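These notes are about the structure you will find just below.
These numbers come from a predicted model, not from an experiment. For the numbers below, each heavy atom of this structure counts, side chains included, while hydrogens, waters and symmetry mates do not.
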Amino acid sequence: MKAIVCTKYGPPDVLQLKEVEKPTPKDDEVLIKVHTAAANAADLHLLRGDPFLLRLSSGLLTPKNTILGADIAGRVEAVGRNVKQFQPGDEVFGDISACGWGGFAEYVCAREDALVLKPANMTFEESAAVPMAALVALHGLRDKGQIQPGQKVLINGASGGVGMFAVQIAKSYGAEVTAVCSTKNLDMARSLGADHVIDYTQEDFTKNGQRYDLIIAANGYHPILDYRRALSPKGMYVMTGGSMAQLFQAMLLGPLISMIGSKKMGVLGVSKPNKKDLIFMKELLEASKVKPVIDRQYTLSETAEALRYLEEGHARGKVVITVEHTNKT
Ligand SMILES: NC(=O)c1ccc[n+]([C@@H]2O[C@H](COP(=O)([O-])OP(=O)(O)OC[C@H]3O[C@@H](n4cnc5c(N)ncnc54)[C@H](OP(=O)(O)O)[C@@H]3O)[C@@H](O)[C@H]2O)c1
């Protein structure tokens with residue numbers, strides 16, 4: 001089968017389209033014919049081996065996972081003897097980062113607990129766009145942020161993969177949502193349901209006197225004390241992504257700042273894929289409460305280009321890779 005292989009750390013240029021052996025499912029695994037995979041920042045971190053500490057788990061000198069790609073949607077081709085929930089022909093989607101990656105390929109094996117039946121009303125492209133980004137948004141809002149109906153919630157970086165889901169999920173919880181993005185994405189943020197939009201090129205939301213009960217930092221950078229100023233007296237700040245400076249401030253200073261007064265400053269950490277929450281997202285998708293926005297669609301052979309585009313940091317929603325299957329496979 002064809003796969004995008006990475007045998008050394010580096011920029012997207014190190015990726016190669018190669019013929020590799022088609023995988024065989026173990027007893028508890030499902031073999032999936034990949035229709036679409038989505039690109040995530042996590043692919044870029046693994047590709048570059050950056051931050052360096054990541055290499056303690058991903059391979060010190062060379063990557064352990066030679067085929068990247070976590071988010072997939074496709075059709076079940078075969079199942080291992082212990083698989084109970086799926087059968088050949090089922091259309092599935094999921095985040096397979098906890099079971100070996102490998103989505104940038106014509107076929108991949110994954111444990112059945114990483115997969116859920118594809119939402120009935122979604123294409124393979126839309127389904128592949130969901131798992132990782134939507135669960136980061138959900139975990140930031142619901143689990144860490146304890147979102148409540150009627151709260152004023154601000155999403156910084158509302159036009160990216162995570163932010164686009166965060167706006168819609170926050171609306172589904174009955175929050176009053178403010179989306180922060182650049183001029184070209186204001187209409188998109190409104191169309192996602194945002195009640196208010198702030199153009200970060202024109203206005204600094206940390207300085208306009210408005211206060212929010214929950215702030216999700218999905219992208220961009222502001223000093224942590226600026227975020228604190230924009231919180232209501234019992235407000236909470238949750239950092240789910242953004243610059244490294246943002247991450248270190250939230251990790252190191254967040255707990256200290258939270259000890260003073262009643263505002264809480266926290267970091268989501270690594271959001272773990274799980275079936276229960278993917279089913280929760282599937283229900284929101286099927287109820288048309290959430291709809292993925294797809295910015296660009298690439299073919300498997302264009303995966304390096306897709307990752308280069310994502311790395312520029314201005315994707316508008318998700319970047320997906322559609323796998324063109326050859327007759328040979
Ligand atoms: N915690 C976890 O487990 C986890 C998992 C996945 C991702 N993440 C992290 O989450 C972050 C976001 O991921 P993503 O997939 O949403 O990224 P993304 O899709 O690449 O985000 C791109 C978006 O960010 C916006 N943006 C860039 N600079 C901004 C700024 N200064 N202020 C506001 N918006 C800005 C861009 O809008 P403009 O073009 O208008 O600037 C663009 O729409 C990344 O740092 C990623 O590492 C964390």
Side-chain angles (χ1 to χ4, degrees), residues 1-7 15-40 42-43 45-47 57-59 62-119 122-125 127-135 270-279 281-282 299-301 303 306-307 320-329:
M1 67 164 188
K2 287 194 168 43
I4 297 294
V5 176
C6 108
T7 50
L15 294 172
Q16 291 173 293
L17 178 68
K18 282 192 174 172
E19 271 304 322
V20 300
E21 205 171 317
K22 185 175 166 183
T24 311
K26 296 190 188 109
D27 288 351
D28 62 343
E29 283 183 341
V30 169
L31 173 69
I32 305 138
K33 183 175 183 180
V34 181
H35 188 291
T36 308
N40 282 290
D43 293 302
H45 290 306
L46 277 186
L47 174 64
S57 59
S58 71
T62 52
K64 277 188 206 157
N65 297 307
T66 51
I67 306 177
L68 299 174
D71 282 342
I72 56 150
R75 194 168 273 115
V76 173
E77 171 112 338
V79 296
R81 70 170 83 167
N82 297 336
V83 170
K84 301 268 183 298
Q85 300 164 46
F86 300 105
Q87 53 190 27
D90 284 347
E91 295 180 345
V92 294
F93 77 131
D95 169 355
I96 57 169
S97 59
C99 41
W101 299 71
F104 296 158
E106 288 185 301
Y107 294 88
V108 68
C109 288
R111 286 193 315 265
E112 63 177 331
D113 64 4
L115 303 167
V116 167
L117 286 176
K118 180 173 86 59
M122 297 274 137
T123 62
F124 284 110
E125 284 76 15
S127 305
V130 174
M132 190 179 283
L135 260 55
V270 176
S271 156
K272 294 206 177 100
N274 71 82
K275 193 167 184 127
K276 195 165 151 243
D277 289 339
L278 194 54
I279 291 171
M281 280 313 306
K282 176 181 153 141
T299 61
L300 185 64
S301 55
T303 299
L307 290 173
V320 299
I321 293 154
T322 295
V323 182
E324 59 295 44
H325 285 263
T326 55
N327 290 337
K328 233 170 61 178
T329 56

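Contact check for Phe104 versus Asp43: side-chain heavy atoms found under the 4.5 Å cut-off. Taking the side chain as every heavy atom from C-beta outward, Gln16 and Ile4 never approach each other to under 4.5 Å. Taking 4.5 Å as the limit, some side-chain heavy atom of Val116 sits within range of a side-chain heavy atom of Phe93. No side-chain heavy atom of Val79 sits less than 4.5 Å from a side-chain heavy atom of Pro25. Leu31 has its side chain within reach of Lys22: a pair of non-hydrogen atoms, C-beta onward, lies under 4.5 Å apart. With a 4.5 Å cut-off on side-chain heavy atoms, Met1 and Pro23 count as touching. Using a 4.5 Å heavy-atom threshold, the side chains of Asp95 and Leu135 count as separate. Contact check for Pro131 versus Pro273: no side-chain heavy atoms found under the 4.5 Å cut-off.
Annotation: side-chain hydrogen bond (donor to acceptor under 3.5 Å, both in side chains) contacts involving residues 63-75, sequence neighbours excluded, comprise Asn40-Asp71, Arg75-Glu91. Pairs engaging residues 16-37 under the ring pair (Phe, Tyr, Trp, His ring centres under 6.0 Å) rule: His35-Phe124 [sequence neighbours left out].
Here the straight-line distance linking atom CD of Gln85 with atom CG of Asp90 works out to 10.5 Å at 0.5 Å rounding. Going from atom CG of Asp28 over to atom SG of Cys109 covers 10.0 Å, rounded to the nearest 0.5 Å. Rounded to the nearest 0.5 angstrom, Glu125 CD and Thr36 OG1 are separated by 4.0 Å. Atom OG of Ser301 and atom CG of Leu15 lie 12.0 Å apart (nearest 0.5 Å). Atom CG of Asn274 and atom CD1 of Ile279 lie 9.0 Å apart (nearest 0.5 Å). Between the CD1 atom in Ile96 and the CE atom in Met132 there is a gap of 10.0 Å [rounded to 0.5 Å].
Contact record, Val83 with Glu29: CG2-O, 3.3 Å, taken as the closest heavy-atom pair. Residue Phe86 comes nearest to Leu115 through the heavy atom pair CZ-O, 3.4 Å, listed as atom of the first residue, atom of the second, then distance. Gly102 and Ala105 get closest at one heavy-atom pair: O-CB, 3.6 Å. Across every non-hydrogen atom of Ala73 and Ser127, the tightest pair is CB-CB, 4.0 Å.
Between the side chain of Glu324 and the main chain of Thr299, no donor-acceptor pair closer than 3.5 Å is present. Side chain of Lys18 to backbone of Lys2: no donor-acceptor contact under 3.5 angstrom is found.
With respect to the salt-bridge test (charged N to carboxylate O, under 4.0 angstrom), the residues Glu106 and Lys33 do not qualify.
Among Lys84, Arg81, Arg111, the single residue meeting the salt bridge (charged side-chain N to carboxylate O under 4.0 Å, His left out) criterion with Asp27 is Arg81.
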